[in-house]
Amino acid sequence: MKYIDEFNDPELARRLLDEIRTTATRPWALMEVCGGQTHSIIRHGIDQLLPEQVELIHGPGCPVCVTPLDVIDKALEIAARPEVIFCSFGDMLRVPGTDRDLFRVKGEGGDVRVVYSPLDALELARRNPDRQVVFFAIGFETTAPANAMAVHRARREGLGNFSLLVSHVRVPPAIEAIMTAPACRVQGFLAAGHVCSVMGTAEYPGLADRFGVPIVVTGFEPLDILEGIRRTVRQLELGEHRVENAYPRAVRDDGNPAAVRMIEEVFEVTDRNWRGIGPIPASGWRLSEAFRAYDAEHRFDVAGIRTEEPAECRSGEVLQGLIKPTECAAFGTTCTPRTPLGATMVSSEGACAAYYLYRRMNAPATQGARPAAEEMNPVA
């Protein structure tokens, strides 16, 4: 299959690993920004195949994981109202709020529906003019264009019964927050390729210069990730800190201008709170004044909700790359995919879910002796 099989070639993977091994002369800590990259790394055992000098730190790039608890609670309150059809992608239904999740609301009689696109929710609004249809608009730069298009169409069609509960976040301010944190160990980034396919790379050179870190735009297949690691390590060894595009089949420097225009027309930049991390200035989007009538928070008056995270959940430290999932005492015991304490165990892109799914139950907290590459399954 074109563009998938080619990037799962075991022989090419071995060559890239050999080059990384010969290039790395000292310890380097790299962060893969996206949860999709984390799952690919864990699934294919890439972290265990790397030389011990190269450590991968899992980043905060999971939209479900970083949606803050107070927004989840607002979703629960809105979804419980009898006049509302609440629409969401499926992986949000089991994310725990303060005392329940959307599945529980559905079980208690709420009209909660799984959709595959915000346009599906828009169609529900057309078919149910006597109901209020709310779409849970979460995610990074990747999902923002489609959500913007949905509300843009709603206004054009005069649909007064459609609205978005918005919790969009932006990657560049998160990288800045990670690099300015006192405990930061990150020396280079594998930037999320799908984010850059929308936004391009223009926001990254300033970050690379300011913090002296290489940023390599990276895809999601095994060879994509190994190539991103190879380029990042090479820059670090040479003392360089540039932005490189290692995902040219999907990413152009200017991204997708039409998608960016749609985002800029419908949304405006705002401060956002990230679950487990806290507030990050200018790290999100909200509906602009012209589209504020489609903001579910205003329509249903759910401001003022106060929440508190479970004390035993350390997902915030996982999201910041400060600990591995297995370093949390609740991992695999009181916190499992069936009984999650935090969103990192629920989300299909969460780091805790990746470790649980691929049976990294006893993964070492820090790097130690690793099996030789030939003792592992090939990256395929």
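Heavy atoms only: backbone and side chains are in, while hydrogens, waters and symmetry mates are out.
- Annotation: R338, atom CZ; neighbour count of heavy atoms from other residues, nucleotides and ligands within 6.0 Å does not exceed 12.
- One side chain, W274 or S283, offers a donor N or O that lies under 3.5 Å from an acceptor on the other.
- Remark: R127 engages E123 in a salt bridge, criterion side-chain N to carboxylate O under 4.0 Å.
- Following chains of ILVMFWY side-chain contacts shorter than 4.5 Å, one cannot reach L56 starting from I215, and the two form parts of different hydrophobic clusters.
- Taking the six-membered ring where tryptophan is involved, the planes of Y247 and F220 are perpendicular, since the angle between them exceeds 60° and thus also 30°.
- A donor-acceptor contact closer than 3.5 angstrom links the side chains of T98 and D73.
- In this structure, R249 forms a cation-pi arrangement with F7, its terminal cationic atom sitting closer than 6.0 Å to the ring centre and no more than 45° off the ring axis.
- Between R153 and E157 there is no salt bridge, since no side-chain N of the basic residue sits under 4.0 Å from a carboxylate O of the acidic one.
- Of the N and O atoms on the side chains of E237 and W28, at least one donor lies less than 3.5 Å from an acceptor on the other residue.
- Between Q132 and R299, the side chains place a donor N or O and an acceptor N or O closer than 3.5 Å (distance only, hydrogens not considered).
- Side chains of Y355 and H39: a donor-acceptor N/O pair is absent below 3.5 angstrom, by distance only.
- Between E297 and R286, none of the side-chain N atoms (NZ, or NE/NH1/NH2) sits under 4.0 Å from a carboxylate O, so this pair counts as no salt bridge.
- Counting only N and O atoms by type, the side chains of H58 and E32 include a donor and acceptor under 3.5 Å apart.
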**Request:** Would you check, one step at a time, whether the test side-chain contact (heavy atoms from CB on, under 4.5 Å) holds for F211 with I175?
**Result:** CA-CA 10 Å; F211 297 108; I175 289 179; 5.5 Å; no
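- For E317 and K324, the salt-bridge test fails: no basic side-chain N is under 4.0 Å from an acidic carboxylate O.
- Using a cut-off of 4.0 Å between Lys/Arg side-chain N and Asp/Glu carboxylate O, E83 and R131 are scored as not salt-bridged.
- For R314 and E327, the salt-bridge test fails: no basic side-chain N is under 4.0 Å from an acidic carboxylate O.
- By the 6.0 Å and 45° rule, R113 does not stack over the aromatic ring of F86.
- A salt bridge links R170 and E203; the closest N-O separation between the charged side-chain nitrogens and carboxylate oxygens is under 4.0 Å.
- A salt bridge links R21 with D18: the distance from a Lys NZ or Arg NE/NH1/NH2 to an Asp or Glu carboxylate oxygen falls below 4.0 Å.
- Comment: E240 does not engage R234 in a salt bridge, judged by the lack of any side-chain N to carboxylate O separation of less than 4.0 angstrom.
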